[in-house]
K.L.:
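Handing you this structure, nothing more for now.
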Amino acid sequence: QVQLVESGGGLVQPGGSLRLSCAASGSIFRINVMGWYRQAPGKERELVADISSGGGTNYADSVKGRFTIARDNAKNTVYLQMNSLKPEDTANYYCKTTYWNYRMLAQVAWGQGTLVTVSS
């Protein structure tokens with residue numbers, strides 16, 4: 001089975017930085033899009049950023065200029081560098097990937113989430 005392992009969450013003060021990592025492993029032929037979503041208490045899950053196999057990126061308006069998404073294709077890993085963090089960034093962050101398995105079927109996998117808390 002395919003597994004996404006997330007790391008890097010934690011407690012940080014406003015204005016601080018964190019880097020999230022997500023490594024995919026398992027029966028993967030090729031990863032297409034990798035991205036990060038977040039869900040704050042009482043709110044819907046939302047896209048934070050994603051990155052295509054060709055390197056194209058999308059960001060939520062709320063994080064543009066502060067967050068940067070990147071990927072290492074050799075390691076099947078996606079990163080989210082979060083700078084100038086704000087209390088409203090507090091949420092559970094989830095890694096998501098779309099990929100082809102070896103049967104050439106499109107698949108989706110989600111990580112278990114990593115908690116980011118921005119507070120003084």
Side-chain angles (χ1 to χ4, degrees):
Q1 61 179 6
V2 171
Q3 184 177 14
L4 302 182
V5 179
E6 300 152 322
S7 63
L11 175 64
V12 65
Q13 292 186 340
S17 298
L18 287 173
R19 189 179 75 157
L20 306 183
S21 299
C22 173
S25 62
S27 185
I28 300 170
F29 175 73
R30 180 188 175 189
I31 291 177
N32 295 314
V33 179
M34 303 189 80
W36 292 93
Y37 292 71
R38 68 185 181 187
Q39 187 168 20
K43 295 186 177 181
E44 298 292 325
R45 186 174 297 186
E46 64 175 353
L47 173 70
V48 178
D50 63 23
I51 182 167
S52 71
S53 60
T57 58
N58 293 297
Y59 294 93
D61 288 341
S62 59
V63 307
K64 286 181 179 177
R66 299 188 298 120
F67 292 10
T68 302
I69 190 168
R71 63 191 285 171
D72 185 334
N73 292 328
K75 297 180 179 179
N76 283 346
T77 299
V78 63
Y79 306 93
L80 185 68
Q81 179 66 48
M82 304 185 294
N83 299 326
S84 302
L85 283 161
K86 304 175 181 179
E88 49 263 46
D89 294 318
T90 296
N92 211 338
Y93 284 70
Y94 298 89
C95 179
K96 176 189 176 183
T97 183
T98 60
Y99 66 96
W100 288 313
N101 63 18
Y102 286 99
R103 306 294 290 270
M104 300 301 135
L105 298 176
Q107 304 288 306
V108 178
W110 287 88
Q112 295 300 307
T114 184
L115 181 63
V116 172
T117 302
V118 185
S119 176
S120 60

K.L.:
For the residue pair Ser27 and Tyr102, what are the closest heavy atoms and their distance?
P.N.:
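Smallest heavy-atom distance, with atoms named: OG-CD1, 3.3 Å.
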
K.L.:
For a quick test of reading the model, state the closest non-hydrogen atom pair linking Leu115 to Asn92 and the distance between them.
P.N.:
N-OD1, 3.6 Å

K.L.:
If we only count heavy atoms from C-beta on, is the Pro14 to Pro87 side-chain gap below 4.5 Å?
P.N.:
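The answer is yes; the side chains approach within 4.5 Å.
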
K.L.:
For the residue pair Val118 and Thr90, what are the closest heavy atoms and their distance?
P.N.:
N-OG1, 2.9 Å

K.L.:
Side chains of Asp72 and Thr77: is there a donor and an acceptor less than 3.5 Å apart?
P.N.:
no

K.L.:
Between Trp36 and Phe67, is the ring centre distance below 6.0 Å?
P.N.:
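No, they do not, as the ring centres are separated by 6.0 Å or more.
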
K.L.:
Is any side-chain heavy atom of Ile31 less than 4.5 Å from a side-chain heavy atom of Asn73?
P.N.:
no

K.L.:
Using every non-hydrogen atom in the two residues, find where Cys22 and Leu4 come nearest and quote the distance to one decimal.
P.N.:
SG-CB, 3.8 Å

K.L.:
Just wondering, do Glu6 and Leu20 contact through their side chains at under 4.5 Å, heavy atoms?
P.N.:
no

K.L.:
Measure the CG-OH distance between Leu47 and Tyr94 for me, rounded to the nearest 0.5 Å.
P.N.:
15.0 Å

K.L.:
Around atom CD of Gln112, are there more than 12 heavy atoms from other residues, nucleotides or ligands closer than 6.0 Å?
P.N.:
no

K.L.:
Do Ser17 and Arg19 touch side chain to side chain, with heavy atoms closer than 4.5 Å?
P.N.:
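A side-chain contact is absent here, since even the closest heavy-atom pair is not under 4.5 Å.
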
K.L.:
Rounded to the nearest 0.5 Å, what separates atom CG in Asp50 from atom CE in Met34?
P.N.:
11.0 Å

K.L.:
Val108 and side-chain contact (heavy atoms from CB on, under 4.5 Å): which partner among Thr97, Val33, Thr98, Val2?
P.N.:
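The residue from Thr97, Val33, Thr98, Val2 that satisfies side-chain contact (heavy atoms from CB on, under 4.5 Å) with Val108 turns out to be Thr98.
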
K.L.:
Would Gln13 and Ser119 satisfy side-chain contact (heavy atoms from CB on, under 4.5 Å), going step by step from the backbone distance to the final call?
P.N.:
CA-CA 5 Å; Gln13 292 186 340; Ser119 176; over 6 Å; no

K.L.:
Does a side-chain heavy-atom distance below 4.5 Å link Arg71 with Tyr79?
P.N.:
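They are not in side-chain contact.
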
K.L.:
What's the spacing between Thr68 OG1 and Met82 CE if we round to 0.5 Å?
P.N.:
11.5 Å

K.L.:
Might you work through the side-chain contact (heavy atoms from CB on, under 4.5 Å) test for Phe29 and Asn101, ending with a clear yes or no?
P.N.:
CA-CA 5 Å; Phe29 175 73; Asn101 63 18; 5.8 Å; no

K.L.:
Is Tyr59 reaching over with its side chain to a backbone N or O of Ile69, donor-acceptor style, under 3.5 angstrom?
P.N.:
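Such a contact is found between Tyr59 side chain and Ile69 backbone.
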
K.L.:
In Å, rounded to the nearest 0.5 Å, how long is the span from NZ of Lys86 to OG of Ser62?
P.N.:
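Taking NZ in Lys86 and OG in Ser62, the distance rounds to 8.0 Å.
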
K.L.:
Could you check if a side-chain atom of Val63 sits within less than 4.5 angstrom of a side-chain atom of Arg38, using non-hydrogen atoms only?
P.N.:
yes

K.L.:
How long is the straight-line distance from CG of Asn32 back to OG of Ser52, given to the nearest 0.5 Å?
P.N.:
9.0 Å

K.L.:
On a heavy-atom basis, which atom in Leu80 and which in Ala49 lie closest, and how many Å separate them?
P.N.:
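Distance-wise, the nearest heavy atoms are CD1-CB, 4.3 Å.
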
K.L.:
Kindly give the heavy-atom pair with the smallest separation between Cys95 and Val78, and that separation in Å.
P.N.:
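Here Cys95 and Val78 meet closest at SG-CG1, 3.8 Å.
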
K.L.:
Using 0.5 Å steps for rounding, measure from the CD atom of Gln107 to the CD atom of Gln1.
P.N.:
12.5 Å

